[in-house]
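In what follows, a structure is listed as structure tokens, so that the remarks can point back to it.
Numbered from 1 within each chain, the chains take letters A, B, ... in sequence-line order.
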Protein chains: 2
Amino acid sequence: MSTETEPRWRRLEPDQRREQILDCAIRLFGERPYAEVSTTDIAREAGVARGLINHYFGSKRGLYLEVVRRMVTVPVADRSAVPDGSLAERVEFSVDWLLDVISARGKTWVAVLGTEGVGNDPEVERILAEADEMAAENLVRTVGMRDVEPAGAELRAIVRAFGGMVKAAGREWITHGTLTREQVQLVLTEQLTALLGETFPHLQRL
Amino acid sequence: MSTETEPRWRRLEPDQRREQILDCAIRLFGERPYAEVSTTDIAREAGVARGLINHYFGSKRGLYLEVVRRMVTVPVADRSAVPDGSLAERVEFSVDWLLDVISARGKTWVAVLGTEGVGNDPEVERILAEADEMAAENLVRTVGMRDVEPAGAELRAIVRAFGGMVKAAGREWITHGTLTREQVQLVLTEQLTALLGETFPHLQRL
DNA sequence: CTTGCTATTGACAGAGTGACAACAACTTGT
DNA sequence: ACAAGTTGTTGTCACTCTGTCAATAGCAAG
């Protein structure tokens, strides 16, 4: 008789299992709203016992926060290819790179950041705020305006505000198809150029 | 002995009861995220039996959608006071009016629209999209550019994108306090002026 | 006071979540 | 090769929350 000791389940490294569950959670949370996704669904999707989710993430909410954190984290720009030209040129490059990032994440990004729900959630708020801050900081550096130290706070603030338009424009492009990439590129480039080149100096005199 | 026939509960008109429950729901959903608010909480807040919520709104989700719809609906601008001056003047007026609206709703507005959660929710998406569309349409008319019919779709699209910056800037102002109203006013005015006066014509040639 | 309408309640069944002790896959030492 | 230890994983239990529905009670009309 065969001594096939086929194990009923495989024992993975904690990090691997964590990633696997996280992947499934990202997929499901991207498809329907929070309350419509049960931990049972996620567990089934991952081929795992439901309790394991609590073991790794504490609670459903904990898992959700991890998903949010993972999704909103924007990769850091590779500044080695940034041109040394005028402000307009560097802005154009930065915007192009931003659109590449959005394009790469595509539907997932939109599915995730597209919906603004109702409900004050301090923790989610915090994660989002940090991501926006990093993105803004990153953009400012890429454009090469890091030297304007004294008014750095205000600069980053208006860049974060600009980030709101980036998201909205991205949605128009990706989900609604009401604007082409070229159009979004043009709009964001001109707007950011005006913002940094014209409006920002005006702001400092206020 | 007192024949006080003190009624245990009052019988209200359906519309009144609906409003009352909706008010409480708005308050609670504004304080904590969806999953943290139970229908029991809402019922207790309204001094009402839990089942009544289902009677009026069908489900917890139904009530939530009503709350969202109520909160994101922006009042229509009173165009009787719009100046007839240059584009810049009309834009300035419109932005000022927008900031008045934001200021009036203040914390509630921010608490409600501030958090962008994760989770694709078609119904919420639809409500938000409609609200954005109305706001954009309203803004376009107030600024007096309703005559550019042929490219109306693109115009509204970029104005909606601009709406993203309005929200983000409003958050910087109201919640984070990183920008003053005057600064927000300046930024949005210049950006919108450039968007409508410069970028939009460029866009049409694309 | 009685009757009828219906807004409102209270209880019940089903589903989902978190905690925890027992189990089994894998590793290490002999 | 085997035994013992480690710990990733499971399955169950108690609790909370939601939606349904028949029964109740406030209120107006006759």
*Side-chain donor-acceptor pair present, B:Glu154, A:Gln183, cut-off under 3.5 Å*: yes
*asked:* Pairing donors with acceptors under 3.5 angstrom, does anything connect the side chains of A:Glu92 and A:Thr189?
replied: no
Could you tell me whether [X] and [Y] have a side-chain N and a carboxylate O separated by less than 4.0 Å?
{"X": "B:Arg69", "Y": "B:Glu66", "value": "yes"}
{"X": "A:Asp41", "Y": "A:Arg44", "value": "yes"}
{"X": "B:Asp96", "Y": "B:Arg181", "value": "yes"}
{"X": "A:Arg156", "Y": "B:Glu172", "value": "no"}

*Between A:Thr40 and C:dG16, does any side-chain N or O lie under 4.0 Å from OP1 or OP2?*
no
Can you name the atoms? Protein N/O to nucleotides 6-10 of chain C N/O, anything below 3.5 Å, with the distance.
{"residue": "C:dT6", "atom": "O4'", "partner": "B:Arg11", "partner atom": "NH2", "Å": "3.0"}
{"residue": "C:dT6", "atom": "O2", "partner": "B:Arg11", "partner atom": "NH1", "Å": "3.0"}
{"residue": "C:dT6", "atom": "O2", "partner": "B:Arg11", "partner atom": "NH2", "Å": "3.2"}
{"residue": "C:dA7", "atom": "O4'", "partner": "B:Arg11", "partner atom": "NH2", "Å": "3.4"}
{"residue": "C:dA7", "atom": "O3'", "partner": "B:Leu12", "partner atom": "O", "Å": "3.2"}
{"residue": "C:dT8", "atom": "OP1", "partner": "B:Leu12", "partner atom": "N", "Å": "2.8"}
{"residue": "C:dT8", "atom": "OP1", "partner": "B:Arg17", "partner atom": "NE", "Å": "2.9"}
{"residue": "C:dT8", "atom": "OP1", "partner": "B:Arg17", "partner atom": "NH2", "Å": "2.9"}
{"residue": "C:dT8", "atom": "OP2", "partner": "B:Tyr56", "partner atom": "OH", "Å": "2.6"}
{"residue": "C:dT9", "atom": "OP2", "partner": "B:Ala49", "partner atom": "N", "Å": "2.8"}

*Please name all residues satisfying ring pair (Phe, Tyr, Trp, His ring centres under 6.0 Å) with A:Tyr34, sequence neighbours left out, ordered by chain then number.*
A:Phe29, A:Tyr64
*Rounding to a whole Å, what distance do you find between A:Ile53:CD1 and C:dG16:P?*
13 Å
*What's the shortest heavy-atom distance between A:Ile53 and A:Ala43, and which atoms?*
CD1-N, 3.8 Å
*Leading and trailing nucleotides of DNA chain D with any atom under 4.0 Å from heavy atoms of chain B*: D:dT18 to D:dC27
